[in-house]
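Proteins come first, then strands; the chains are lettered A, B, ... in the order of their sequence lines, and each starts at number 1.
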There are 2 protein chains.
Amino acid sequence: MPAPERTSLEAILAAGTELLEADGPAGLTMQAVAGRVGVRAPSLYKRVRNRRALIALVAASALDELEMRLREGRPVAGSGGGDEETVIEPIAELARLAHTLRAFAHERPAAYRLVFAPGEESGLEVERLRAASAPLIEVAAALAGPDRALDAARTLTAWATGFIGMELAGAFRLGGDVDRAFAFGIERLGAAIAS
Amino acid sequence: MPAPERTSLEAILAAGTELLEADGPAGLTMQAVAGRVGVRAPSLYKRVRNRRALIALVAASALDELEMRLREGRPVAGSGGGDEETVIEPIAELARLAHTLRAFAHERPAAYRLVFAPGEESGLEVERLRAASAPLIEVAAALAGPDRALDAARTLTAWATGFIGMELAGAFRLGGDVDRAFAFGIERLGAAIAS
DNA sequence: ACCTGAACACCGTTCAAGT
DNA sequence: ACCTGAACACCGTTCAAGT
(Lines give C-alpha, C1' and ligand atoms only; values in the text may rest on other atoms or scores of the structure.)
Protein backbone atom coordinates (compact mmCIF):
# COMPACT_ATOMS: atom_id res chain seq x y z
CA MET A 1 0.00 0.00 0.00
CA PRO A 2 1.91 3.06 -1.14
CA ALA A 3 1.63 6.14 1.01
CA PRO A 4 1.28 9.52 -0.69
CA GLU A 5 4.25 11.88 -0.55
CA ARG A 6 3.42 14.60 1.91
CA THR A 7 6.49 16.71 1.32
CA SER A 8 9.50 17.06 -0.96
CA LEU A 9 13.21 17.76 -0.85
CA GLU A 10 12.55 21.22 -2.26
CA ALA A 11 10.10 22.02 0.53
CA ILE A 12 12.56 20.73 3.13
CA LEU A 13 15.38 22.78 1.66
CA ALA A 14 13.20 25.89 1.59
CA ALA A 15 12.11 25.36 5.19
CA GLY A 16 15.70 24.86 6.28
CA THR A 17 16.77 28.02 4.49
CA GLU A 18 14.01 30.06 6.11
CA LEU A 19 14.67 28.68 9.56
CA LEU A 20 18.39 29.34 9.27
CA GLU A 21 17.78 32.96 8.45
CA ALA A 22 15.02 33.42 11.01
CA ASP A 23 16.45 31.59 14.01
CA GLY A 24 20.11 30.96 13.23
CA PRO A 25 21.83 27.60 12.88
CA ALA A 26 20.55 26.48 16.28
CA GLY A 27 17.00 27.07 15.10
CA LEU A 28 17.48 24.77 12.14
CA THR A 29 16.33 21.63 13.94
CA MET A 30 14.85 18.56 12.34
CA GLN A 31 11.69 19.03 14.34
CA ALA A 32 11.28 22.65 13.27
CA VAL A 33 11.87 21.76 9.63
CA ALA A 34 9.42 18.89 9.89
CA GLY A 35 6.80 21.12 11.48
CA ARG A 36 7.20 23.66 8.69
CA VAL A 37 6.68 21.11 5.92
CA GLY A 38 3.80 19.40 7.74
CA VAL A 39 5.41 16.12 8.65
CA ARG A 40 7.05 14.44 11.64
CA ALA A 41 10.81 14.62 12.12
CA PRO A 42 11.56 10.96 11.31
CA SER A 43 10.03 11.38 7.87
CA LEU A 44 12.75 13.83 6.90
CA TYR A 45 15.24 10.97 6.89
CA LYS A 46 13.54 9.61 3.77
CA ARG A 47 14.85 12.59 1.78
CA VAL A 48 17.91 13.69 3.68
CA ARG A 49 20.66 11.65 5.29
CA ASN A 50 20.76 13.68 8.49
CA ARG A 51 20.85 17.21 9.85
CA ARG A 52 24.40 17.80 8.70
CA ALA A 53 23.48 16.84 5.17
CA LEU A 54 20.50 19.18 5.27
CA ILE A 55 22.70 22.05 6.41
CA ALA A 56 25.15 21.22 3.64
CA LEU A 57 22.26 21.38 1.20
CA VAL A 58 21.22 24.80 2.47
CA ALA A 59 24.81 26.01 2.18
CA ALA A 60 25.21 24.63 -1.31
CA SER A 61 22.04 26.26 -2.58
CA ALA A 62 23.03 29.58 -1.03
CA LEU A 63 26.38 29.32 -2.77
CA ASP A 64 24.64 28.56 -6.06
CA GLU A 65 22.54 31.68 -5.67
CA LEU A 66 25.59 33.79 -4.81
CA GLU A 67 27.55 32.45 -7.74
CA MET A 68 24.71 33.32 -10.09
CA ARG A 69 24.72 36.88 -8.87
CA LEU A 70 28.47 37.14 -9.22
CA ARG A 71 28.26 35.94 -12.80
CA GLU A 72 25.30 38.12 -13.66
CA GLY A 73 26.06 41.18 -15.76
CA ARG A 74 29.62 40.11 -16.12
CA PRO A 75 31.44 40.39 -19.42
CA VAL A 76 31.29 36.92 -20.92
CA ALA A 77 33.84 34.97 -22.87
CA GLY A 78 33.88 35.72 -26.59
CA SER A 79 30.94 33.97 -28.19
CA GLY A 80 32.86 33.56 -31.44
CA GLY A 81 34.47 30.41 -30.14
CA GLY A 82 37.67 32.07 -28.99
CA ASP A 83 38.84 31.25 -25.50
CA GLU A 84 39.97 34.75 -24.69
CA GLU A 85 37.91 36.75 -22.23
CA THR A 86 37.09 40.37 -22.73
CA VAL A 87 37.22 41.85 -19.24
CA ILE A 88 36.72 45.56 -19.54
CA GLU A 89 37.74 47.87 -16.73
CA PRO A 90 38.92 45.34 -14.15
CA ILE A 91 38.77 47.84 -11.29
CA ALA A 92 35.09 48.49 -11.94
CA GLU A 93 34.47 44.77 -12.19
CA LEU A 94 36.27 44.24 -8.88
CA ALA A 95 34.05 46.84 -7.25
CA ARG A 96 30.94 45.20 -8.68
CA LEU A 97 31.93 41.78 -7.37
CA ALA A 98 32.74 43.13 -3.93
CA HIS A 99 29.45 44.99 -3.67
CA THR A 100 27.51 41.98 -4.90
CA LEU A 101 29.10 39.81 -2.24
CA ARG A 102 28.38 42.36 0.44
CA ALA A 103 24.79 42.84 -0.67
CA PHE A 104 24.23 39.10 -0.48
CA ALA A 105 25.67 39.06 3.04
CA HIS A 106 23.31 41.82 4.12
CA GLU A 107 20.34 40.12 2.55
CA ARG A 108 21.03 36.66 3.91
CA PRO A 109 23.51 37.04 6.75
CA ALA A 110 23.02 33.60 8.24
CA ALA A 111 23.46 31.89 4.88
CA TYR A 112 26.52 34.02 4.17
CA ARG A 113 28.04 33.08 7.50
CA LEU A 114 27.32 29.43 6.87
CA VAL A 115 29.06 29.52 3.50
CA PHE A 116 32.08 31.52 4.62
CA ALA A 117 32.42 30.31 8.19
CA PRO A 118 35.92 29.10 8.92
CA GLY A 119 35.18 25.52 9.89
CA GLU A 120 33.43 22.55 8.42
CA GLU A 121 29.88 23.21 9.55
CA SER A 122 28.77 24.10 6.05
CA GLY A 123 29.84 20.78 4.59
CA LEU A 124 30.97 22.61 1.47
CA GLU A 125 33.93 21.23 -0.36
CA VAL A 126 36.76 23.67 -0.83
CA GLU A 127 36.77 22.87 -4.52
CA ARG A 128 33.16 24.03 -4.81
CA LEU A 129 33.96 27.31 -3.12
CA ARG A 130 36.88 27.86 -5.41
CA ALA A 131 34.74 27.27 -8.49
CA ALA A 132 32.27 29.85 -7.25
CA SER A 133 35.01 32.43 -6.86
CA ALA A 134 36.23 32.04 -10.42
CA PRO A 135 34.98 35.52 -11.38
CA LEU A 136 37.16 37.04 -8.71
CA ILE A 137 40.17 35.04 -9.78
CA GLU A 138 39.73 36.35 -13.30
CA VAL A 139 39.68 39.93 -12.11
CA ALA A 140 42.73 39.28 -10.01
CA ALA A 141 44.54 37.90 -13.02
CA ALA A 142 43.56 40.89 -15.12
CA LEU A 143 44.84 43.23 -12.43
CA ALA A 144 47.96 41.54 -11.18
CA GLY A 145 49.02 39.46 -14.16
CA PRO A 146 49.01 35.67 -14.38
CA ASP A 147 52.07 35.20 -12.15
CA ARG A 148 50.55 36.95 -9.18
CA ALA A 149 46.92 36.09 -9.92
CA LEU A 150 46.62 33.52 -7.13
CA ASP A 151 48.21 35.67 -4.44
CA ALA A 152 46.15 38.64 -5.60
CA ALA A 153 42.88 36.70 -5.58
CA ARG A 154 43.63 35.42 -2.09
CA THR A 155 44.37 38.90 -0.88
CA LEU A 156 41.12 40.20 -2.32
CA THR A 157 38.88 37.42 -1.02
CA ALA A 158 40.57 37.53 2.37
CA TRP A 159 39.90 41.22 2.68
CA ALA A 160 36.33 41.05 1.41
CA THR A 161 35.25 38.10 3.55
CA GLY A 162 37.10 39.50 6.55
CA PHE A 163 35.48 42.90 6.16
CA ILE A 164 31.99 41.53 5.74
CA GLY A 165 32.48 39.06 8.56
CA MET A 166 33.48 41.88 10.90
CA GLU A 167 30.55 43.93 9.72
CA LEU A 168 28.09 41.10 10.38
CA ALA A 169 29.66 40.55 13.78
CA GLY A 170 28.89 44.17 14.61
CA ALA A 171 32.54 45.12 14.83
CA PHE A 172 31.86 48.39 13.07
CA ARG A 173 29.10 49.56 15.34
CA LEU A 174 31.29 52.21 16.91
CA GLY A 175 31.49 55.15 14.60
CA GLY A 176 32.81 55.69 11.13
CA ASP A 177 31.16 55.24 7.77
CA VAL A 178 31.21 51.56 6.91
CA ASP A 179 30.31 52.10 3.27
CA ARG A 180 33.19 54.52 2.97
CA ALA A 181 35.57 52.07 4.62
CA PHE A 182 34.48 49.38 2.16
CA ALA A 183 35.02 51.70 -0.81
CA PHE A 184 38.37 52.69 0.69
CA GLY A 185 39.41 49.05 0.84
CA ILE A 186 38.36 48.31 -2.73
CA GLU A 187 40.19 51.33 -4.06
CA ARG A 188 43.39 50.75 -2.14
CA LEU A 189 43.45 47.01 -2.68
CA GLY A 190 42.77 47.36 -6.36
CA ALA A 191 45.68 49.74 -6.66
CA ALA A 192 47.93 47.61 -4.46
CA ILE A 193 47.23 44.45 -6.44
CA ALA A 194 47.81 46.16 -9.74
CA SER A 195 51.06 47.80 -8.79
CA MET B 1 27.83 21.24 57.33
CA PRO B 2 30.03 22.88 54.70
CA ALA B 3 31.13 20.70 51.83
CA PRO B 4 34.73 20.94 50.60
CA GLU B 5 35.30 22.60 47.23
CA ARG B 6 36.12 19.89 44.77
CA THR B 7 36.94 22.17 41.85
CA SER B 8 37.50 25.81 40.94
CA LEU B 9 36.66 28.32 38.26
CA GLU B 10 40.23 28.14 37.04
CA ALA B 11 40.02 24.37 36.61
CA ILE B 12 36.70 24.68 34.80
CA LEU B 13 38.09 27.34 32.50
CA ALA B 14 41.15 25.24 31.78
CA ALA B 15 39.02 22.17 31.06
CA GLY B 16 36.77 24.18 28.77
CA THR B 17 39.76 25.55 26.91
CA GLU B 18 41.25 22.11 26.43
CA LEU B 19 37.98 20.56 25.31
CA LEU B 20 37.35 23.35 22.83
CA GLU B 21 40.69 22.79 21.20
CA ALA B 22 40.48 19.01 21.32
CA ASP B 23 36.88 18.42 20.25
CA GLY B 24 35.62 21.72 18.90
CA PRO B 25 32.76 23.82 20.25
CA ALA B 26 30.38 20.85 20.14
CA GLY B 27 32.77 18.93 22.39
CA LEU B 28 32.65 21.61 25.03
CA THR B 29 29.69 20.16 26.91
CA MET B 30 28.92 20.69 30.56
CA GLN B 31 29.20 16.96 31.16
CA ALA B 32 32.60 16.74 29.51
CA VAL B 33 33.89 19.72 31.47
CA ALA B 34 32.49 18.27 34.67
CA GLY B 35 34.10 14.93 33.97
CA ARG B 36 37.45 16.60 33.40
CA VAL B 37 37.40 18.49 36.68
CA GLY B 38 36.10 15.50 38.64
CA VAL B 39 32.60 16.65 39.43
CA ARG B 40 29.04 16.19 38.16
CA ALA B 41 27.57 18.58 35.63
CA PRO B 42 25.11 20.31 37.97
CA SER B 43 27.97 21.38 40.21
CA LEU B 44 29.39 23.58 37.47
CA TYR B 45 26.43 25.91 37.89
CA LYS B 46 27.85 26.96 41.26
CA ARG B 47 30.74 28.71 39.47
CA VAL B 48 29.35 29.50 36.05
CA ARG B 49 25.96 30.79 35.01
CA ASN B 50 25.53 28.39 32.13
CA ARG B 51 27.29 26.94 29.10
CA ARG B 52 27.17 30.18 27.16
CA ALA B 53 28.85 32.02 30.01
CA LEU B 54 31.55 29.37 30.17
CA ILE B 55 32.20 29.71 26.45
CA ALA B 56 32.36 33.47 26.86
CA LEU B 57 34.92 32.93 29.61
CA VAL B 58 37.03 30.72 27.37
CA ALA B 59 36.84 33.32 24.59
CA ALA B 60 37.75 36.16 26.93
CA SER B 61 40.79 34.38 28.30
CA ALA B 62 41.95 33.48 24.80
CA LEU B 63 41.62 37.12 23.82
CA ASP B 64 43.61 38.14 26.90
CA GLU B 65 46.39 35.80 25.89
CA LEU B 66 46.36 37.07 22.31
CA GLU B 67 46.42 40.68 23.42
CA MET B 68 49.43 39.98 25.62
CA ARG B 69 51.32 38.54 22.70
CA LEU B 70 50.40 41.47 20.49
CA ARG B 71 51.72 43.90 23.08
CA GLU B 72 54.84 41.89 23.78
CA GLY B 73 58.06 43.24 22.30
CA ARG B 74 56.25 46.29 21.09
CA PRO B 75 57.79 49.75 21.37
CA VAL B 76 56.22 51.29 24.46
CA ALA B 77 55.17 54.82 25.18
CA GLY B 78 58.00 57.05 26.38
CA SER B 79 58.66 56.30 30.04
CA GLY B 80 59.69 59.88 30.68
CA GLY B 81 56.12 60.90 31.20
CA GLY B 82 55.55 62.14 27.67
CA ASP B 83 52.43 60.92 25.93
CA GLU B 84 54.08 60.53 22.57
CA GLU B 85 54.67 57.00 21.30
CA THR B 86 57.87 55.98 19.64
CA VAL B 87 56.78 53.58 16.94
CA ILE B 88 59.83 52.67 14.95
CA GLU B 89 59.44 51.19 11.49
CA PRO B 90 55.67 50.84 11.24
CA ILE B 91 55.86 48.40 8.36
CA ALA B 92 58.00 46.02 10.39
CA GLU B 93 55.65 46.41 13.33
CA LEU B 94 52.68 45.64 11.08
CA ALA B 95 54.39 42.47 9.90
CA ARG B 96 55.13 41.45 13.48
CA LEU B 97 51.51 41.93 14.53
CA ALA B 98 50.18 40.01 11.55
CA HIS B 99 52.53 37.11 12.13
CA THR B 100 51.74 37.05 15.83
CA LEU B 101 48.03 36.84 15.08
CA ARG B 102 48.57 34.09 12.55
CA ALA B 103 50.84 32.12 14.89
CA PHE B 104 48.17 32.28 17.58
CA ALA B 105 45.57 31.02 15.10
CA HIS B 106 47.79 28.07 14.17
CA GLU B 107 48.51 27.24 17.77
CA ARG B 108 44.93 27.50 19.00
CA PRO B 109 42.67 27.36 15.95
CA ALA B 110 39.44 26.65 17.80
CA ALA B 111 40.02 29.49 20.24
CA TYR B 112 40.94 31.80 17.40
CA ARG B 113 37.76 30.89 15.54
CA LEU B 114 35.71 31.45 18.66
CA VAL B 115 37.15 34.92 19.17
CA PHE B 116 36.91 36.01 15.55
CA ALA B 117 33.79 34.14 14.49
CA PRO B 118 31.24 36.41 12.89
CA GLY B 119 28.32 35.91 15.22
CA GLU B 120 27.63 36.13 18.90
CA GLU B 121 28.70 32.67 20.01
CA SER B 122 31.78 34.00 21.71
CA GLY B 123 29.85 36.34 23.96
CA LEU B 124 32.63 38.88 23.56
CA GLU B 125 31.69 42.51 23.59
CA VAL B 126 32.74 44.44 20.54
CA GLU B 127 34.35 47.03 22.79
CA ARG B 128 36.60 44.38 24.28
CA LEU B 129 37.73 43.24 20.86
CA ARG B 130 38.46 46.79 19.84
CA ALA B 131 40.56 47.37 22.93
CA ALA B 132 42.59 44.27 22.13
CA SER B 133 43.30 45.53 18.65
CA ALA B 134 44.69 48.84 19.85
CA PRO B 135 48.23 47.92 18.75
CA LEU B 136 47.01 47.49 15.21
CA ILE B 137 45.13 50.76 15.25
CA GLU B 138 48.32 52.51 16.31
CA VAL B 139 50.26 51.04 13.42
CA ALA B 140 47.47 52.01 11.06
CA ALA B 141 47.61 55.56 12.33
CA ALA B 142 51.36 55.67 11.92
CA LEU B 143 51.05 54.42 8.35
CA ALA B 144 47.97 56.19 7.06
CA GLY B 145 47.85 59.28 9.20
CA PRO B 146 45.24 60.12 11.82
CA ASP B 147 42.50 60.97 9.29
CA ARG B 148 42.57 57.59 7.60
CA ALA B 149 43.63 55.58 10.66
CA LEU B 150 40.21 54.01 11.23
CA ASP B 151 39.65 52.99 7.60
CA ALA B 152 43.21 51.72 7.40
CA ALA B 153 42.92 49.68 10.59
CA ARG B 154 39.68 48.15 9.36
CA THR B 155 41.25 47.27 6.05
CA LEU B 156 44.17 45.62 7.79
CA THR B 157 42.16 43.63 10.32
CA ALA B 158 39.66 42.60 7.68
CA TRP B 159 42.40 41.23 5.48
CA ALA B 160 44.27 39.50 8.31
CA THR B 161 41.24 37.84 9.87
CA GLY B 162 39.86 36.96 6.45
CA PHE B 163 43.12 35.42 5.34
CA ILE B 164 43.58 33.41 8.50
CA GLY B 165 39.95 32.35 8.51
CA MET B 166 40.29 31.03 4.98
CA GLU B 167 43.50 29.30 5.89
CA LEU B 168 41.90 27.57 8.89
CA ALA B 169 38.96 26.57 6.72
CA GLY B 170 41.38 24.82 4.40
CA ALA B 171 40.66 27.17 1.52
CA PHE B 172 44.33 27.24 0.61
CA ARG B 173 44.82 23.52 0.39
CA LEU B 174 45.06 23.60 -3.36
CA GLY B 175 48.52 24.73 -4.34
CA GLY B 176 50.45 27.90 -3.83
CA ASP B 177 52.70 28.96 -0.99
CA VAL B 178 50.49 30.23 1.82
CA ASP B 179 53.35 31.86 3.68
CA ARG B 180 54.28 33.73 0.55
CA ALA B 181 50.70 34.82 -0.02
CA PHE B 182 50.56 36.13 3.55
CA ALA B 183 53.80 38.05 3.10
CA PHE B 184 52.50 39.34 -0.23
CA GLY B 185 49.39 40.67 1.49
CA ILE B 186 51.32 42.37 4.27
CA GLU B 187 53.64 44.05 1.82
CA ARG B 188 50.97 45.22 -0.58
CA LEU B 189 48.54 46.30 2.10
CA GLY B 190 51.21 48.17 4.00
CA ALA B 191 52.08 50.07 0.86
CA ALA B 192 48.45 50.63 -0.09
CA ILE B 193 47.56 51.99 3.33
CA ALA B 194 50.57 54.28 3.42
CA SER B 195 50.09 55.75 -0.02
C1' DA C 1 28.33 25.72 51.36
C1' DC C 2 29.01 22.70 47.95
C1' DC C 3 27.78 18.30 45.68
C1' DT C 4 24.58 14.89 43.92
C1' DG C 5 20.75 12.04 41.71
C1' DA C 6 16.57 12.62 39.73
C1' DA C 7 13.81 14.98 36.78
C1' DC C 8 12.42 17.93 32.85
C1' DA C 9 12.46 19.72 28.32
C1' DC C 10 14.75 19.46 24.50
C1' DC C 11 17.78 17.46 20.69
C1' DG C 12 19.12 13.79 16.54
C1' DT C 13 18.31 9.35 14.98
C1' DT C 14 16.55 4.46 14.45
C1' DC C 15 13.00 1.22 13.70
C1' DA C 16 9.05 -1.62 13.91
C1' DA C 17 4.43 -1.00 12.89
C1' DG C 18 0.85 1.16 10.38
C1' DT C 19 -1.50 2.64 5.75
C1' DA D 1 6.52 3.55 -0.45
C1' DC D 2 6.09 6.80 2.75
C1' DC D 3 4.64 8.18 7.43
C1' DT D 4 4.30 7.63 12.39
C1' DG D 5 4.87 6.82 17.56
C1' DA D 6 7.91 4.93 20.54
C1' DA D 7 12.33 4.45 21.99
C1' DC D 8 17.30 5.50 22.71
C1' DA D 9 21.24 8.20 23.66
C1' DC D 10 22.48 12.44 24.31
C1' DC D 11 22.17 17.50 25.61
C1' DG D 12 21.45 21.86 29.20
C1' DT D 13 19.42 23.08 33.33
C1' DT D 14 16.77 23.03 37.83
C1' DC D 15 16.08 21.54 42.41
C1' DA D 16 15.27 19.03 46.51
C1' DA D 17 17.95 16.19 49.28
C1' DG D 18 22.26 14.85 51.14
C1' DT D 19 26.84 15.92 53.75
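Note: CG (Leu44(A)) to C1' (dC11(C)) measures 14 Å, nearest angstrom. Summarising the geometry, the separation between CZ on Arg40(B) and C1' on dA17(D) is reported as 16 Å, rounded to the nearest angstrom. What separates NZ of Lys46(A) from P of dT13(C) is a distance of 16 Å, to the nearest Å. When the P atom of dC10(D) is taken as reference, atom CE of Met30(A) falls 19 Å away, rounded to whole Å. Rounded to whole Å, the distance from CD1 on Ile55(B) to C1' on dC11(D) is 13 Å.
No salt bridge links Arg69(A) with Glu72(A); every basic N to acidic carboxylate O contact stays at or beyond 4.0 Å. Comment: Arg108(B) does not engage Glu65(B) in a salt bridge, judged by the lack of any side-chain N to carboxylate O separation of less than 4.0 angstrom.
Here dA1(C) sits opposite dT19(D) as a Watson-Crick or G-U wobble pair (both hydrogen-bonding atom distances under 3.5 Å). Across all strands shown, the partner of dT14(D) is dA6(C), judged by Watson-Crick or G-U wobble contacts whose two distances both fall under 3.5 Å.
Contact annotation: Ser43(A) does not reach the phosphate of dC2(D) (side-chain N/O to OP1 or OP2, under 4.0 Å). Between Arg51(B) and the phosphate of dG12(D), there is a side-chain N or O to OP1/OP2 separation shorter than 4.0 Å.
Listed nucleotides dC3(D), dC15(D), dA6(D) differ in distance to Val39(A); the shortest reach to its side chain belongs to dC3(D). Minimum atom distance to the side chain of Arg47(B) is reached by dC2(C), of the listed dC2(D), dC2(C), dA6(C). Comparing dG5(C), dG12(C), dT13(C) by their closest approach to the side chain of Asn50(A) singles out dT13(C). Checking dG12(C), dT13(D), dC3(D) against the side-chain heavy atoms of Gln31(A) singles out dG12(C) as nearest. Comparing dT4(C), dC3(D), dT13(C) against the side chain of Pro42(B) picks out dT4(C) as the nearest. Between dC15(C), dT14(D), dC3(C), one nucleotide has an atom nearer to the side chain of Tyr45(B) than all others, and that is dT14(D).
Toward the 5′ end of DNA chain C lies the nearest nucleotide of Thr7(B), the other residue of the pair Leu28(A) and Thr7(B) mapping further downstream.
Ring pair His106(B)/Tyr112(B): centre-to-centre distance not below 6.0 Å.
Ile193(A) and Leu150(A) are assigned to two separate hydrophobic clusters, defined by single-linkage of ILVMFWY side chains at heavy-atom distances under 4.5 Å.
A cation-pi contact links Arg102(B) to Phe182(B), judged by a cut-off of 6.0 Å to the six-membered ring centre and 45° from its axis.
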